[in-house]
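Before any comments, here is the structure.
In what follows, every heavy atom counts, from backbone to side chain, and hydrogens, waters and symmetry copies are set aside. Throughout, a chain's letter reflects where its sequence line sits, starting with A, and its residues are numbered from 1.
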Amino acid sequence: MGIKVILPSGSELVADPGMRILDIIPPNSGLVAKVGDRLIDLTSELKPEFEEVHVLDFNSPEGRETYWHTSSHIMAQAVKRLFPNAKLGIGPATEEGFFYEFDVEGKSFSPEDLRSIEEEMSNIVKEDLQIIREELSREEAIDLFTRLGEDYKVELLREMEEEIVSIYRQGEFVDLCRGPHLPSTGWVKHFKILYASASYWKGDERNPVMQRVYGISFPDKAMLEDYLVRREEAKKRDHRVVGPQLELFSMPSEIIGPGLVIWHPKGAMIRRIIEEFLVRVHLKRGYQLVYSPHIAYTDLWKTSGHISYFREYMYVFEKDGIEHAIKPMNCPFHILVYKSKRRSYRELPLRLFELGTVYRFERSGVLHGLLRARGFTQDDAHIFTTPEGLEDEIFGVLELGEYLLRSFGFEDFVVELSTWDPSHPEEYMGSEEDWRRAEEALRYALERKGYDYKLMPGEAAFYGPKIDIKLVDSIGREWQASTIQLDFNLPKRFDVTYVDADGSERTVVMVHRALLGSIERFFGILLEHYAGNFPIWLAPVQVRILPVAERHISYAEQVYDKLTKAGIRADLDVARGTLSYRIRESELSKIPILLIVGDREAQSEKVAVRLKGQGNLGSMPLEEFIGKFKAEFLPPDLR
RNA sequence: GCCCCGGUAGCUCAGCUCGGUUAGAGCGCCGCCUUGGUAAGGCGGAGGUCGCGGGUUCGAAUCCCGCCCGGGGCUCCA
């Protein structure tokens, strides 16, 4: 009775038990095999109980993981050869690549160290060492790793519950590892060590510091080069570099403090356009605009309960003997708007929107340009609804969120639904019934919207379940954008109620939602997404007029006036230096449209149009030009 | 916050290992010449508390200590 072996190509083989998978599949046709949910080495033998074996290659997540995992072992082996005293920590595959961490007794790896590690890895690959799996009892393994002086491995073993564990050997190197792995070290073809950094054993800052070395590997040289190019591309787009270069913003942290942003005129213009767009769209969707102060008595956040676990993130100070705090969030104020009078069910849902600037004293190590700042502005809204209205509200929020993100040019999203962990109800606010109904409402809304979503059990906040939406940018990176959170906590703490149709007083259901998240952060993402080439409706200068020579300035001024009257953001070049030079300068400042005017244009009331990235479109009458781009000059909701 | 690395002109960087004239370069900026037709015309000039404070030394950008700020991680998160 043969066992079916399915190759990545889809073709099938039939083989007898006892044979090694590696020996029956064509060379280079896969990296690892899967039986049911279990991954096994290609060097494993087919067992009679196997029904189907799927062979997976680098195109599958499991194939890549195996490839990278073996790469990390090769790196660890290289490090052990060069630094015999290094103690092994853990060395997994990551989403993109792999790392291995080592305790090297306070040493850190220099760039030269990394180069020699990379060279030694090449040697190990050339040696093409067989990678052999062995199983042994936990006690034997503890014995083995104690003898090897691998204290961290021993610690891991002591924490494990399994009585039988596996180790993998390649040459002189041995590692505690579940596997699976590639058949031999020669299978790893093209790799690169990327960087080294410090981390803590098990990520806990009370534990010893480990040196983590990160790397990447691919079966194909072109893939490695591609990856490195993409990495370079991401680096080139770094908003912390591009932003100041384009005079959008700066963060002079040594003068004003870390994590704070100064918006320069061009950045402020873009931000204003984004904010005005947001306000218009929210008003159209039944939100009402509110404002709230930046400071309030700290007691407000005692009532909300934030202070107890948020205090270290808050800026707190004393005036007149009373403790004040700068707001880290807007919700209490919106609740106070709600509570300013008794509310009837007829008024619900009530949707309050604010571009609320908040300050959070984030730990210095997490700050990262606009993407993680200490002062930032949320496109924040709180929706107060009846339980019955919840699903429709969530659906509406999802629709609005998608509309907004698409308007900014994002097409792909990753949706996550975070629910509670029903085995620990005591860790959550609200009854089991509350949670069940709420999670159901979120799920129905997601399904009605037609979203595929990832269920994240146990990822909910203590006060309610949530939906997170991540956007995917133009170079394939995911960014957390929208978050939609239910809150069972605040309505109780602030006693937020409404009078229902039957005259009874009921607790309101409250939804926090931020769709772009933080304007600063979103701006940073947009900047990297477009690499500074904002679409015309967002560009701070939409059109620059370039007179060929000084004698064309007066005609250029006429053009400028007409554009400005048409509501187009234009600027006028002063005609100093060569035209080529000025075109280059304008291109580098990412102005989407250049209008070049010389003798030919001035005589015929035309403009020569040059589009960023597309070059010269030739001359056309000014009116024709304005008509042609009419829609693109405007925000999506005004077209 | 913790670990490692770093901070020299507006920007990118050299000089620092091994202390020793007026600390350099390119880009940008300013001026003059050039009056230009689709990504860099020529010449000249200005511009620096070498992150801040202290120490060692006859002498510190350079060596030592503290602090501030940044980068990469850990953790966290909009």
Inset, instruction - Looking only at side-chain atoms of A:Val548, point me to the closest of B:G73, B:G37, B:A39. - result: B:G37

Inset, instruction - Specify the separation, in whole Å, of atom OH of A:Tyr195 and atom P of B:C74. - result: 7 Å

Inset, instruction - Could you check which of B:G73, B:A39, B:G70 has an atom nearest any side-chain atom of A:Tyr214? - result: B:G73

Inset, instruction - Scan A:Leu579 against the nucleic acid and name what it touches under 4.0 Å (heavy atoms): base, sugar-phosphate only, or nothing. - result: sugar-phosphate

Inset, instruction - State the pairing partner of B:G6; accept Watson-Crick or G-U wobble contacts with both distances under 3.5 Å, and report none otherwise. - result: B:C69

Legend entry - A:Tyr313 side chain, from C-beta outward: closest of B:C76, B:G37, B:G41: B:C76

Legend entry - The single option from A:His239, A:Arg237, A:Lys236 passing side-chain hydrogen bond (donor to acceptor under 3.5 Å, both in side chains) against A:Glu528: A:His239

Inset, instruction - Tell me what A:Ser199 touches on the nucleic acid: a base, only sugar-phosphate, or nothing, going by heavy atoms under 4.0 Å. - result: sugar-phosphate

Legend entry - Identified side chain to side chain contact (heavy atoms under 4.5 Å, CB included) partner of A:Lys327 from the options A:Tyr315, A:Trp301, A:Tyr359: A:Trp301

Inset, instruction - Using whole Å, report how far CG of A:Asp599 lies from P of B:U35. - result: 14 Å

Inset, instruction - Measure from CZ on A:Arg240 to C1' on B:C69 and round the result to the nearest Å. - result: 14 Å

Inset, instruction - Provide, to the nearest angstrom, the distance between the CD1 atom belonging to A:Ile256 and the P atom belonging to B:C68. - result: 17 Å

Inset, instruction - Check every strand shown and say whether A:Leu588 touches a base, only sugar-phosphate, or nothing at a heavy-atom separation below 4.0 Å. - result: base

Inset, instruction - Would you mind pulling out the nucleotide paired to B:G44, Watson-Crick or G-U wobble, both distances under 3.5 Å? - result: B:C30

Legend entry - Closest non-hydrogen atom pair between A:His552 and A:Asp599, with its separation: NE2-OD1, 2.7 Å

Inset, instruction - Before giving the answer on side-chain hydrogen bond (donor to acceptor under 3.5 Å, both in side chains), spell out for A:Tyr451 and A:Glu402 the whole-Å C-alpha distance, their side-chain angles and the decisive distance to 0.1 Å. - result: CA-CA 11 Å; A:Tyr451 281 153; A:Glu402 182 170 330; 2.4 Å; yes

Inset, instruction - Would you mind classifying the nucleic acid contact of A:Glu362 as base, sugar-phosphate or nothing, using non-hydrogen atoms under 4.0 angstrom? - result: base

Inset, instruction - Using only heavy-atom distances, decide whether a donor-acceptor pair under 3.5 angstrom links the side-chain of A:Arg582 to the base of B:A40. - result: no

Legend entry - Minimal non-hydrogen separation, A:Lys562 against A:Leu622, with atom names: CD-CD2, 3.6 Å

Legend entry - Most 5' of A:Lys612 and A:Ala549 on RNA chain B, judged by nearest nucleotide: A:Ala549

Inset, instruction - When you get a sec, tell me which of B:G1, B:G31, B:G73 is the closest nucleotide to the side chain of A:Arg576? - result: B:G31

Inset, instruction - Between A:Glu587 and A:Gly257, name the one whose nearest nucleotide on RNA chain B is closer to the 5' end. - result: A:Glu587

Inset, instruction - Give one of base, sugar-phosphate or nothing for A:Thr578, where a contact means two heavy atoms less than 4.0 Å apart. - result: base

Inset, instruction - Taking only the side-chain heavy atoms of A:Glu585 (C-beta and beyond), determine which of B:A78, B:C2, B:C29 contains the nearest atom. - result: B:C29

Legend entry - Euclidean distance, A:Asn330 CG relative to A:His294 NE2, rounded to 0.5 Å: 8.5 Å

Inset, instruction - Please determine if A:Arg271 forms a cation-pi arrangement with A:Phe249, meaning its NZ or CZ atom is less than 6.0 Å from the six-membered ring centre and no more than 45° off the ring axis. - result: no

Inset, instruction - Could you tell me whether A:Arg363 contacts a base, only the sugar-phosphate backbone, or nothing, with contacts defined as non-hydrogen atoms closer than 4.0 Å? - result: base

Inset, instruction - State which of B:G36, B:A78, B:U75 makes the closest approach to the side chain of A:Val366. - result: B:U75

Legend entry - Identified pairing partner of B:A39, criterion: Watson-Crick or G-U wobble below 3.5 Å: none

Legend entry - Whole-Å gap separating C1' (B:C4) and CG (A:Leu114): 12 Å

Legend entry - Minimum-distance nucleotide to A:Gln485 side chain [options: B:C69, B:C2, B:A78]: B:A78

Legend entry - Atom-to-atom span, CD of A:Gln211 to P of B:C74 - whole angstrom: 13 Å

Inset, instruction - Consider the side chain of A:Asn616, meaning its heavy atoms from C-beta on, and name the nucleotide among B:G36, B:U38, B:G72 that approaches it most closely. - result: B:U38

Inset, instruction - Using a 4.0 Å heavy-atom cut-off across all strands, classify A:Gln614 as base, sugar-phosphate, or nothing. - result: nothing

Inset, instruction - Would you indicate which nucleotide in B:C2, B:A78, B:G37 comes nearest to any side-chain atom of A:Arg521? - result: B:A78

Legend entry - Under 3.5 Å donor-acceptor, A:Glu233 side chain and A:Ile475 backbone: no

Legend entry - Pair partner, B:U57 [Watson-Crick or wobble, under 3.5 Å]: none

Legend entry - Nearest-Å distance for atom pair CZ/P, residues A:Arg544 and B:U38: 18 Å

Inset, instruction - Using whole Å, report how far NE2 of A:His552 lies from P of B:U38. - result: 14 Å

Legend entry - For B:U12, the Watson-Crick or wobble partner whose two distances fall under 3.5 Å: B:A25

Legend entry - Contact under 4.0 Å: A:Arg600 side-chain N or O vs B:G37 OP1/OP2: no

Inset, instruction - Kindly point out which of B:G36, B:C69, B:A39 is positioned nearest to the side chain of A:Ser253? - result: B:C69

